[in-house]
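Below, all heavy atoms of this structure are taken into account, side chains as well, without hydrogens, waters or symmetry copies. Note that ligands are numbered from 1 as they come in the structure, with each ligand's atoms numbered from 1 the same way.
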Amino acid sequence: MRKKAILITGAAGEIGQALVRSIKEKSDIPVVAIDLSTLPDEMRMLTVPIQGNILDEALLKRLISEFEFESIFHLAALLSTRSEFTPDEAHRVNVAGTLGLLNLAAEQSQWRGEPVKFIFPSSIAAYGMPDLETKTAYARVREWEWNYPRTMYGCNKLYCEQLGTYYAHYYRQLAAETPVMLDFRCLRFPGLISAFTVPSGGTSDYGPEMLHAAAAGKPYACFVREDVRIPFMAMPDAIKALLLLTEAPRSALKRTVFNVTSFSLSAAEFHQIVLQHFPDAQITYKPDLKRQAIVDSWPADLDDSAARRQWGWSPDYDARRAFDEYLVPNIRERYNHN
Ligand code: SER
């Protein structure tokens, strides 16, 4: 008998670690947690930990034979900066990896006669604004606007959104018998900020890096100009969004891909808030023109009204609350700040 479980790929990443904790607080269902890296001890205790590669077909076959997945959170990906250095590998992990997981979910949906929920985080990187004038003129973009990504990661995410939608609605559409399709649900996240982990390989990383460096008492040279603006979200809201979308009744969802966001800040505004909490922070600006160009191509803000209307999304943390109540207290503790 296959054991009912939830599958999380990329479980040792920033979202994965927070998601595992949150799911285990609410439910006893086993969580199969895959990552290339070893999971932290605390997570190993909470999950069925598997150190492995999502591109390993034998591993996916083993999972199919051992478990019945009700939902799959497919978080494993190479982020935007990292992907520019290894674009082939990024394509393999971000696209071929997703295809493998979609096939697994399609097979399990068919076998159990019930759709497997496939939850996929996409990103502001799926957008590409052609220039700063356009970015200023179209501040809050909607899901179908400006889908012209400029990074390998953004292209990968946009394509996988389409692929997931295909698997949910048109997979094997010419077969004599229509298969039970999987249930694909996708969020486009802004830059995420966690109090407990530091991102690696992303291009929105200057925000969290600035904050963590200030708390650790280290100088930080921000790699974008002061006026560069993108939306951000505190990690608890990212987890809230993932779980709310997972739980939403399918009939309420009129789309498969939803923007979600919390607050939009320029690097200078981010810096000012950090200074209010850590007045000795040594933050300077040393723009890396190439990474900055990527952030310039991302929208200044997202229109998340479809998520608000269709499944009741609203963030708990605006910028003030995110820093005052979640980020700063937890980060102070992490770095033993007095
Ligand atoms: N935070 C991600 C990155 O910077 C965007 O989704 O790559």
closest protein heavy atom to atom 1 (N) of ligand 1 is S204 OG, 2.8 Å
Can you find an N/O atom of D205 closer than 3.5 Å to an N/O atom of ligand 1? no
OH of Y285: more than 12 outside heavy atoms within 6.0 angstrom? yes
Quick note on ligand 1: atoms under 4.0 Å from a heavy atom of S80 include exactly 3 (C), 4 (O), 7 (O)
Ring pair (Phe, Tyr, Trp, His ring centres under 6.0 Å) partner of F323, chosen from F270, Y317, F232: F270
Looking at R320 and D318, is any side-chain nitrogen of the basic one under 4.0 Å from a carboxylate oxygen of the acidic one? no
Calculate, to the nearest 0.5 Å, the distance between atoms OG and CH2 belonging to S109 and W111 respectively. 10.5 Å
T203 N/O to ligand 1 N/O under 3.5 Å: yes
I'd like to know if K290 pairs up with E84 as an ion pair, taking the criterion as any Lys NZ or Arg NE/NH1/NH2 lying under 4.0 Å from an Asp or Glu carboxylate oxygen. no
Identity and separation of the nearest protein heavy atom to atom 5 (C) of ligand 1: S123 OG, 3.3 Å
Using a heavy-atom cut-off of under 4.0 Å, does the side chain or the backbone of Y206 touch ligand 1, or both, or neither? neither
Are any of the heavy atoms in F189 under 4.0 Å away from ligand 1? no
Is R82 paired with E89 through a side-chain N to carboxylate O contact shorter than 4.0 Å? yes
